[in-house]
There are 2 protein chains.
Amino acid sequence: MSKTAKNTTLKDIAQEAGISAAAVSKVLNNHGGASKATQARVHEIAKRLNYSPNIVAKSLKVNKTKTLGLVVSDSSHSFFGAVIKGAQEEAAQLGYNIILANTNRDKENEKEAINTLIGKRIDGLLLASSRLTQRSDIRYLDSLNIPYVFLIRRSEDKKAPFVGNDNIAGSKAIVDHLIKTGSSRIHFLNMDKASTSSADRLKGYTAALKDNGIKYDPSLVYNTKPDIQEGYTVIRNILESGQRMEALFCGCDILGIGAMEAILEYGLKIPKDVRVCGYDDIEFAAYLRRPLTTMRQPKQSIGVKGIENLVARVEGIDDKQNVVVLKSELVVREST
Amino acid sequence: MSKTAKNTTLKDIAQEAGISAAAVSKVLNNHGGASKATQARVHEIAKRLNYSPNIVAKSLKVNKTKTLGLVVSDSSHSFFGAVIKGAQEEAAQLGYNIILANTNRDKENEKEAINTLIGKRIDGLLLASSRLTQRSDIRYLDSLNIPYVFLIRRSEDKKAPFVGNDNIAGSKAIVDHLIKTGSSRIHFLNMDKASTSSADRLKGYTAALKDNGIKYDPSLVYNTKPDIQEGYTVIRNILESGQRMEALFCGCDILGIGAMEAILEYGLKIPKDVRVCGYDDIEFAAYLRRPLTTMRQPKQSIGVKGIENLVARVEGIDDKQNVVVLKSELVVREST
DNA sequence: ATATACAGGTTAAACGATTAACCAATTTTA
DNA sequence: TAAAATTGGTTAATCGTTTAACCTGTATAT
């Protein structure tokens with residue numbers, strides 16, 4: 001593996017073809033001003049010498065890297081997997097590459113990751129489930145001087161570019177489903193209180209109750225971080241405290257999985273004793289102990305639309321929307 | 001979002017500090033040759049002007065980008081999610097970034113992806129479940145003149161750098177488990193025939209049979225691509241053909257999920273009538289309809305070790321192993 | 001026939017860093 | 001005290017492109 005082997009450059013081709021490097025550059029970029037014969041010769045030589053343009057040099061010159069940053073809280077999470085794939089493929093389609101960063105749900109990590117991305121001079125930034133959702137964070141993001149788009153979780157500043165689903169409508173729809181199918185006392189295991197997504201899902205929950213004339217009982221609402229074990233623990237504790245539970249809406253499928261484990265282990269039947277639903281429709285939701293009723297978020301589309309929107313910004317196209325809200329879909333399965 | 005705002009450069013700092021850009025560079029890189037006072041001044045100005053070194057320029061000069069390529073067949077796949085995360089975090093730790101590429105299991109896509117990565121002048125390449133595993137592909141990869149490491153699926157050329165688990169030992173262990181716990185007629189739903197991983201898993205399967213004095217019956221072995229629906233279809237067809245099935249080893253958990261769906265839908269009980277196991281231990285294997293017995297591959301470690309090994313190559317360290325085989329672990333669950 | 005346009009290039013500067021080579025002034029060493 | 005070494009820098013080249021500005025010879029227009 002000879003690391004010292006030099007790559008072919010424009011100059012090499014120029015020399016071989018007996019013309020200037022500038023001429024070669026123009027040929028290779030179709031910038032005109034070259035005879036058919038020269039064009040053919042240049043292309044032949046380029047192919048023969050296995051030329052691969054040095055994008056680093058080009059980037060330096062044109063001040064664009066054709067690279068976008070994608071920061072996610074946890075790329076191993078099934079949900080993000082789909083988002084990442086959608087984003088990556090759409091980016092490739094549009095001629096961009098993606099550098100991936102993980103934040104592990106930590107704001108400082110996130111800022112650090114963004115800073116190194118900035119050093120690499122990315123053209124734009126996609127923030128999935130970001131922690132930088134406060135108004136003050138927007139000032140920080142704006143100071144980076146590159147376009148950015150929030151994914152999944154929106155900023156407190158509602159004008160900030162965003163692609164995701166309508167959490168209020170989605171959670172209202174799923175709670176409506178629980179009510180219409182017979183429950184009026186509905187526990188809600190939501191995610192971290194801090195996130196705008198959680199806040200919206202709570203709004204949907206209360207809206208559904210109100211619409212159906214049910215009084216909102218805050219003591220039925222719990223918060224924890226999206227983690228199977230956490231979901232298990234919280235629900236187990238509730239059950240062991242002797243509280244009656246007939247229906248449970250989990251803020252995400254991951255919590256739903258943990259919750260179902262706890263419920264089944266406690267000896268209750270799903271859906272006979274307790275009806276459970278989640279949110280997201282992660283890949284395996286249909287194959288769980290009890291296939292899970294959930295709201296299907298258009299995960300891959302979020303990635304795709306996110307990139308589309310970001311690239312439009314990067315390239316200065318201005319017929320783009322600021323806020324793109326995609327539809328989520330109720331998927332009813334065995335668990336309810 | 002002013003796109004024209006210029007970033008601070010070394011020159012700006014130099015001007016402000018009244019010294020040359022070279023001096024500033026040295027200060028910022030701790031290359032010595034500057035008074036304490038100058039150092040302090042430079043650092044202060046850099047911070048004040050919000051200086052972020054242009055890594056693109058640096059990369060061009062030093063001919064290293066501190067960027068690695070990671071090509072996977074499908075980043076949305078739960079298994080790769082963990083690998084990607086391990087790789088990304090380890091890379092960050094070592095000062096590298098990762099550009100992600102998807103191939104969708106297509107060799108031409110893979111080559112194309114690699115070519116654009118080469119254009120971006122990545123320092124090294126990680127190939128997860130690559131299609132470029134033939135000897136002729138090694139020549140292609142070598143011609144790229146950058147270090148590469150195979151992940152998960154090894155090359156036919158056994159000397160090629162590789163990080164993954166021992167598929168022969170792993171599949172032998174799990175088939176042993178099926179035999180020791182009472183089955184002698186074991187169906188095997190393996191993945192695509194072409195892959196070295198499948199071939200190794202078949203070797204493990206036959207080795208286990210042989211060790212236990214069971215005759216190998218090729219008519220019990222099926223191949224299909226790793227996809228839930230595929231697994232479902234193949235197994236459903238087998239059952240509908242009237243074949244008796246008492247134990248089933250699936251080449252990956254994904255196939256196991258589809259298989260279990262088919263078996264349960266056909267009215268058979270798991271594990272009473274048919275005992276099923278998979279391979280990989282993807283995140284949700286424990287929460288499926290029937291929690292799945294499987295071999296737990298150290299997915300995140302594969303990513304981590306892969307990067308470690310690749311970076312050692314990139315940086316010319318030579319106490320690295322060529323082939324790193326990590327242990328997989330038998331996880332027995334309800335399905336067997 | 002003269003001016004004009006165009007085809008097919010060339011030259012040189014620039015992007016923002018790094019780094020080898022050099023230098024003047026001061027300090028240390030013998 | 002003279003030579004050597006150190007301190008704290010500077011200059012200029014370089015990485016591989018792109019691109020504005022320029023040039024020259026031929027073809028076309030008037």
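Chain identifiers are assigned alphabetically (A, B, ...) following the order of the sequence lines, protein sequences preceding nucleic acid strands; residue numbering begins at 1 within each chain.
The phosphate of D/dG16 (OP1 or OP2) has no side-chain N or O of A/Asn7 nearer than 4.0 angstrom. Contact between the side-chain N/O atoms of A/Tyr51 and the OP1/OP2 oxygens of D/dT17 is found at a separation under 4.0 Å. At the phosphate of D/dC15, neither OP1 nor OP2 sits under 4.0 Å from any side-chain N or O atom of A/Asn54.
The side chain of A/Thr9 lies closest to D/dT17, out of C/dT10, D/dT17, D/dT10. The side chain of B/His31 has C/dT19 as its nearest neighbour among C/dT18, D/dT17, C/dT19. Among the nucleotides C/dG9, C/dA14, C/dG16, the one closest to the side chain of A/Lys61 is C/dA14. Side-chain atoms of A/Ser35 lie closest to C/dG9 of the nucleotides C/dA17, D/dG9, C/dG9. Comparing C/dT19, C/dT11, D/dG16 against the side chain of A/Ala22 picks out C/dT11 as the nearest. When each of C/dT18, C/dC15, D/dT17 is scored by its nearest atom to the side-chain atoms of B/Lys58, the top-ranked nucleotide is C/dT18. Proximity note for B/Thr38 (side chain, C-beta onward) versus D/dG9, C/dC15, D/dT17: the nearest is D/dG9. Here the side chain of B/Ala57 is nearest to one of C/dA17, C/dA20, D/dT18, namely C/dA17.
Look at NZ on B/Lys11: it is 10 Å from P on C/dA17, rounded to the nearest Å. Rounded to whole angstrom, the span from the CD atom of B/Gln39 across to the P atom of D/dT7 amounts to 12 Å. Atom NZ of A/Lys36 and atom C1' of C/dG9 are 16 Å apart (whole Å). Atom-to-atom, CG of A/Asn63 to C1' of C/dG16 comes out at 10 Å; the value is rounded to the nearest Å. Rounded to a whole Å, the CG atom of B/Leu49 is 14 Å from the P atom of C/dG16. Protein atom NZ of B/Lys120 is 23 Å distant from nucleotide atom P of D/dC15, rounded to whole Å. The distance from atom CZ of B/Arg41 to atom C1' of D/dG9 is 12 Å, rounded to the nearest whole Å. Atom CG of A/Leu10 and atom C1' of C/dC15 are 15 Å apart (whole Å).
Among the candidates B/Val163, B/Leu141, B/Leu125, the single residue satisfying the side-chain contact (heavy atoms from CB on, under 4.5 Å) test with B/Phe150 is B/Leu141. Partner A/Leu151 forms a side-chain contact (heavy atoms from CB on, under 4.5 Å) with one of A/Val324, A/Ile302, A/Leu127, A/Val71 and no other, that one being A/Ile302.
Note on B/Ile19: only backbone sugar-phosphate atoms sit closer than 4.0 angstrom, heavy atoms only; bases stay farther off.
Residues B/Glu89 and A/Asn102 bring no donor and acceptor atom of their side chains to less than 3.5 Å of each other.
Across the interface with DNA chain D, nearest-nucleotide mapping of B/Arg121 and B/Gly18 shows B/Gly18 to be the residue nearer the 5′ end.
Side-chain contact check for A/Ser155 versus A/Phe162: every heavy-atom pair is 4.5 Å or farther apart. Side chains of B/Val56 and A/Lys120 form no contact here, defined as non-hydrogen atoms less than 4.5 Å apart.
The base of C/dT10 is paired with the side chain of A/Lys26 by a donor and an acceptor separated by under 3.5 Å.
The pair B/Asp123-B/Arg313 does not meet the salt-bridge criterion, since no charged nitrogen lies less than 4.0 angstrom from a carboxylate oxygen.
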